[in-house]
*Asks:* 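Below: one structure in structure tokens.
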Amino acid sequence: MNSKVQNAMLSLLMGYLENDPMNKIPAILDLAEKMDTGHVHANSFKVVRRELTDKNGVWYQFTENLFNEVDPRVIKKAVTSFFFNGILNNGTKQDKLREKYQCNIPWAILMDPTSACNLHCTGCWAAEYGNRNNLSFETLDSICKQGKELGIYFYLLSGGEPTVRKEDVIKLCEANPDCFFFAFTNGTLVDDKFCDEMLRVGNITLGFSIEGDEAATDMRRGKGTYQKVIAAMDRMKKHKLLFGYSTCYHRYNTESVGSDEFVDDMIAHGCRFAWNFTYIPVGKDAVTDLLATPEQREYMYRRIREIRATKPIFALDFWNDGEYVGGCIAGGRRYLHINAAGDVEPCAFIHYSNVNIHDVTLLEALQSPLFMAYRQGQPFNENLIRPCPLLDNPQALSKMVKVSNAKSTDMEAPEDVDVLTSKTKPAAEKWAPVADELWEKHLKEKEEKEKEKIAG
């Protein structure tokens with residue numbers, strides 16, 4: 001699309017968002033579809049249109065709450081940098097680059113500004129990196145600049161605790177106003193000044209780490225942490241900012257984080273989205289007893305779908321939603337991880353690497369042996385709810401690390417890949433029959449819907 005026409009349409013879209021947007025939803029969707037010139041997202045638009053025109057539906061309620069409770073400046077920034085730049089405007093470009101370079105090109109990059117953290121949570125995968133590494137602002141900005149050349153406009157920040165570097169985080173948002181940033185945070189350092197700065201730049205949102213109720217959260221994160229997280233959420237809500245929560249479900253909190261009481265409470269505090277991760281025993285001292293049981297993982301598989309269908313919050317499960325994204329998204333297929341030492345890793349939970357961002361370009365990292373092994377191996381299982389090469393197919397991870405001669409990036413205690421995968425193999429074996437039964441049911445339901453579609 002001609003850039004002048006594109007900018008004119010985007011300007012018109014911004015106007016729709018400023019004045020009575022709920023009554024302009026059909027017009028907003030019409031315009032957005034026209035901007036999808038390659039019709040890459042045509043099916044998604046059909047679903048969105050159906051959901052947002054149902055005034056009794058949960059997604060209409062979600063959107064209405066969003067417009068009423070989040071500052072219009074933040075919404076407009078999210079639309080331009082996340083939706084327009086990150087989704088509509090890069091799909092075709094990235095497909096061409098994947099073909100040109102014959103490697104994965106991710107949609108998002110997760111990077112750690114620092115390995116330092118003010119908490120010491122039980123079972124934290126980031127603790128294995130040590131607490132003395134930092135990516136300079138110049139390196140963080142260079143990653144974003146290189147990423148944009150590859151069509152990447154969505155950047156996630158973890159650590160350590162990224163708000164230890166809050167001034168540089170804001171500076172990064174300022175330097176890249178066309179990008180959207182998301183920071184996973186423990187919430188304890190979120191003050192009014194930081195909220196004011198986030199509102200000013202507009203292109204950043206936070207995901208607060210929380211483990212369920214107060215007892216479950218304080219068990220892993222330390223006494224008093226839960227109340228600090230809730231206070232930070234309430235502060236964000238007061239400033240009309242966009243945010244959600246991130247939780248790690250394990251053997252002792254799964255029922256808590258999946259409960260109506262917890263989810264409803266998070267919505268009441270202003271959360272718009274929920275990231276659900278299952279516990280992974282990374283590191284030599286990892287507690288394998290925290291691994292969720294197959295029954296708990298099946299519960300979350302069903303529960304996340306129920307939440308999406310009945311509650312005004314966008315919930316996703318990093319593992320159990322594999323069927324929607326074609327299996328494992330790591331290794332640059334949809335995202336990668338750069339730790340605070342600069343090691344470029346396939347995933348936040350896979351602490352092995354061939355290359356360091358201080359020595360290679362982002363593109364060269366994507367073409368490195370370990371990332372190419374990921375590309376060649378994906379999907380790691382025909383059952384897309386057994387997507388992970390560590391948790392669900394540990395033999396796949398061992399093979400890739402060995403064939404690529406990747407090295408452990410854990411500073412505290414480098415871990416042999418066979419030692420790591422020996423901890424997840426029993427869980428993989430127990431999950432397999434449960435997941436296979438769920439997958440067979442999914443395929444049958446999909447086949448029946450196709451038949452109904454043809455018949456109708």
*Asks:* For residues Asn381 and Asn393, is any side-chain donor paired with an opposing acceptor at under 3.5 Å?
*Replies:* yes
*Asks:* Flag yes if more than 12 heavy atoms outside Glu437 fall under 6.0 Å of its CD atom; otherwise flag no.
*Replies:* no
*Asks:* I'd like to know whether the aromatic ring centres of Phe154 and Trp107 sit less than 6.0 Å apart in this structure.
*Replies:* yes
*Asks:* Is Lys76 salt-bridged to Asp71, cutoff N-O under 4.0 Å?
*Replies:* no
*Asks:* Measure the spacing between CD1 of Ile313 and CD of Gln61 and express it to the nearest 0.5 Å.
*Replies:* 11.5 Å
*Asks:* Would you indicate whether Lys425, at its atom NZ, is surrounded by more than 12 heavy atoms from other residues, nucleotides or ligands within a distance under 6.0 Å?
*Replies:* no
*Asks:* Taking the basic N atoms (NZ, or NE/NH1/NH2) and the acidic carboxylate oxygens, is any pair closer than 4.0 Å for Lys444 and Glu448?
*Replies:* no
*Asks:* Which atom names give the shortest non-hydrogen contact between Val70 and Leu241, and what distance separates them?
*Replies:* CG2-O, 4.1 Å
*Asks:* Any sub-3.5 Å donor-acceptor pair from Tyr155's side-chain atoms to Cys144's backbone N or O?
*Replies:* yes
*Asks:* Using only atom types and a distance under 3.5 Å, with no angle test, would you say the side chain of Asn68 pairs donor to acceptor with the backbone of Glu64?
*Replies:* yes
*Asks:* Can you see which heavy atom on Ala365 is nearest to which on Phe371, and at what distance?
*Replies:* O-CD1, 3.5 Å
*Asks:* Whether the Glu323 and His442 side chains hold a donor-acceptor pair (N or O, under 3.5 Å, no angle test) is what I'd like checked.
*Replies:* yes
*Asks:* Taking the six-membered ring for Trp, are Phe277 and Phe349 parallel (under 30°), tilted (30 to 60°) or perpendicular (over 60°)?
*Replies:* tilted
*Asks:* Using every non-hydrogen atom in the two residues, find where Thr278 and Trp319 come nearest and quote the distance to one decimal.
*Replies:* N-CZ3, 3.5 Å
*Asks:* Side chains of Asn320 and Arg297: is there a donor and an acceptor less than 3.5 Å apart?
*Replies:* yes
*Asks:* Would you say the side-chain atoms of Asp321 pair up with the backbone N or O of Asp317, donor to acceptor, closer than 3.5 Å?
*Replies:* yes
*Asks:* With the threshold set at 4.0 Å, does a side-chain nitrogen-carboxylate oxygen contact exist between Asp192 and Lys238?
*Replies:* yes
*Asks:* Within the side chain of Thr205, is there an N or O that forms a donor-acceptor pair under 3.5 Å with the backbone of Leu242?
*Replies:* yes
*Asks:* Checking Asn23 against Asp20: is there a side-chain donor and acceptor pair closer than 3.5 Å?
*Replies:* yes
*Asks:* What is the minimum heavy-atom distance between Pro177 and Asn203, and which atoms define it?
*Replies:* CA-ND2, 3.7 Å
*Asks:* If you draw a 6.0 Å radius around NZ in Lys77, do more than 12 non-hydrogen atoms from other residues or ligands fall strictly inside?
*Replies:* yes
*Asks:* Please tell me if the side chains of Thr225 and Glu211 come closer than 4.5 Å, counting only heavy atoms from C-beta onward.
*Replies:* no
*Asks:* Measuring centre to centre across the rings, with the benzene-like ring taken for any Trp, is Phe380 within less than 6.0 Å of Tyr374?
*Replies:* yes
*Asks:* Which pair of non-hydrogen atoms, one from Asn253 and one from Ala216, has the smallest distance, and what is that distance?
*Replies:* CB-CB, 4.0 Å
*Asks:* Do Asn276 and Ile304 come close enough that some side-chain heavy atom pair is under 4.5 Å?
*Replies:* yes
*Asks:* Drop me the distance from Cys328's SG to Ile350's CD1, to the nearest 0.5 angstrom.
*Replies:* 8.0 Å
*Asks:* For the pair Phe182 and Phe273, name the ring-plane relationship: parallel under 30°, tilted 30 to 60°, perpendicular over 60°.
*Replies:* tilted
*Asks:* Minimum heavy-atom separation for Phe184 and Leu156, please, with both atom names.
*Replies:* CE1-CD2, 3.8 Å
*Asks:* Taking the side chain from Lys240 and the backbone from Glu69, do they hold a donor-acceptor pair closer than 3.5 Å?
*Replies:* no
*Asks:* Any chance NZ of Lys96 has more than 12 other-residue heavy atoms, nucleotides or ligands included, within less than 6.0 Å?
*Replies:* no
*Asks:* For the pair Lys449 and Glu445, find out whether any cationic side-chain nitrogen is under 4.0 Å from an anionic carboxylate oxygen.
*Replies:* no
*Asks:* Determine whether a donor-acceptor pair (N or O, by modelled atom type, separation under 3.5 Å) exists between the side chain of Glu298 and the backbone of Thr293.
*Replies:* no
*Asks:* Phe243 vs Phe208 aromatic rings, parallel, tilted or perpendicular, using cut-offs 30° and 60°?
*Replies:* perpendicular
*Asks:* Main chain of Tyr249, side chain of Thr247: is a donor-acceptor contact present, judged purely on distance under 3.5 Å?
*Replies:* no
*Asks:* May I ask you to decide whether Arg49 forms a salt bridge with Asp30, counting only side-chain N to carboxylate O separations under 4.0 Å?
*Replies:* yes
*Asks:* Would Leu438 and Trp431 satisfy side-chain contact (heavy atoms from CB on, under 4.5 Å), going step by step from the backbone distance to the final call?
*Replies:* CA-CA 11 Å; Leu438 290 171; Trp431 171 241; 4.0 Å; yes
*Asks:* Leu135 pairs by side-chain contact (heavy atoms from CB on, under 4.5 Å) with which of Thr114, Asp168, Leu140?
*Replies:* Leu140
*Asks:* Mind running salt bridge (charged side-chain N to carboxylate O under 4.0 Å, His left out) on Arg386 and Asp436 for me, showing each step along the way?
*Replies:* CA-CA 8 Å; Arg386 293 172 60 190; Asp436 287 347; 3.2 Å; yes
*Asks:* Do Arg303's NZ or CZ and the ring of Tyr301 fall within the cation-pi criteria of under 6.0 Å and 45°?
*Replies:* no
*Asks:* Before accepting this row, confirm whether a basic side-chain N of the pair Glu306/Lys311 lies closer than 4.0 Å to the acidic partner's carboxylate O.
*Replies:* no
*Asks:* Taking NZ, NE, NH1 and NH2 as the nitrogens, is one of them in Lys171 or Glu174 under 4.0 Å from a carboxylate oxygen of the other?
*Replies:* no
*Asks:* Pro106 versus Ile152: any side-chain heavy-atom pair under 4.5 Å?
*Replies:* yes
*Asks:* Just checking, is any N or O donor in the side chain of Ser398 or Thr421 under 3.5 Å from an acceptor N or O on the other one?
*Replies:* yes
*Asks:* Evaluate whether atom NZ of Lys24 has more than 12 neighbouring non-hydrogen atoms of other residues, nucleotides or ligands under 6.0 angstrom away.
*Replies:* yes
*Asks:* Check the angle between the aromatic planes of Phe45 and Phe83 and answer parallel, tilted or perpendicular using the 30° and 60° thresholds.
*Replies:* perpendicular
*Asks:* Under the rule for ring-ring contact (aromatic ring centres under 6.0 Å, His included), what residues qualify as partners of Tyr252, not counting sequence neighbours?
*Replies:* none
*Asks:* What do you reckon, is CD of Gln102 surrounded by more than 12 foreign heavy atoms closer than 6.0 Å?
*Replies:* yes
*Asks:* Tell me whether the count of non-hydrogen atoms from other residues, nucleotides or ligands lying under 6.0 Å of NZ in Lys446 goes above 12.
*Replies:* no
*Asks:* Can you name the side-chain contact (heavy atoms from CB on, under 4.5 Å) partners of Asp234, sequence neighbours left out?
*Replies:* Ile230, His269
*Asks:* Would you please indicate if the ring centroids of Phe181 and Tyr153 are separated by under 6.0 Å?
*Replies:* no
*Asks:* Once you round to the nearest 0.5 Å, how far does CG of Leu420 lie from NE2 of His351?
*Replies:* 9.5 Å
*Asks:* Taking Thr361's backbone N and O only, do any of them form a donor-acceptor pair with Gln146's side chain (distance below 3.5 Å, no angle check)?
*Replies:* no
*Asks:* Side chains of Asn176 and Lys148: is there a donor and an acceptor less than 3.5 Å apart?
*Replies:* yes
*Asks:* Going by atom types alone, do Asp112 and His337 pair a side-chain donor with an acceptor below 3.5 Å?
*Replies:* yes
*Asks:* For the side chain of Asp36 and the backbone of His41, is there at least one donor-acceptor N/O pair under 3.5 Å apart?
*Replies:* yes
*Asks:* How long is the gap from SG on Cys117 to CD on Glu161, to the nearest 0.5 Å?
*Replies:* 5.5 Å
*Asks:* Cation-pi check, Lys166 to Phe194: give yes when NZ or CZ is under 6.0 Å from the six-membered ring centre and within 45° of the ring axis, no otherwise.
*Replies:* yes
*Asks:* Please report the interatomic distance NZ(Lys145) to CG(Leu150), rounded to the nearest 0.5 Å.
*Replies:* 14.0 Å
*Asks:* Roughly how far, to the nearest 0.5 Å, is the CD atom of Glu99 from the CD1 atom of Ile105?
*Replies:* 11.5 Å
*Asks:* Does Thr217 use its side chain to pair, donor to acceptor, with the backbone of Glu214 at less than 3.5 Å?
*Replies:* no
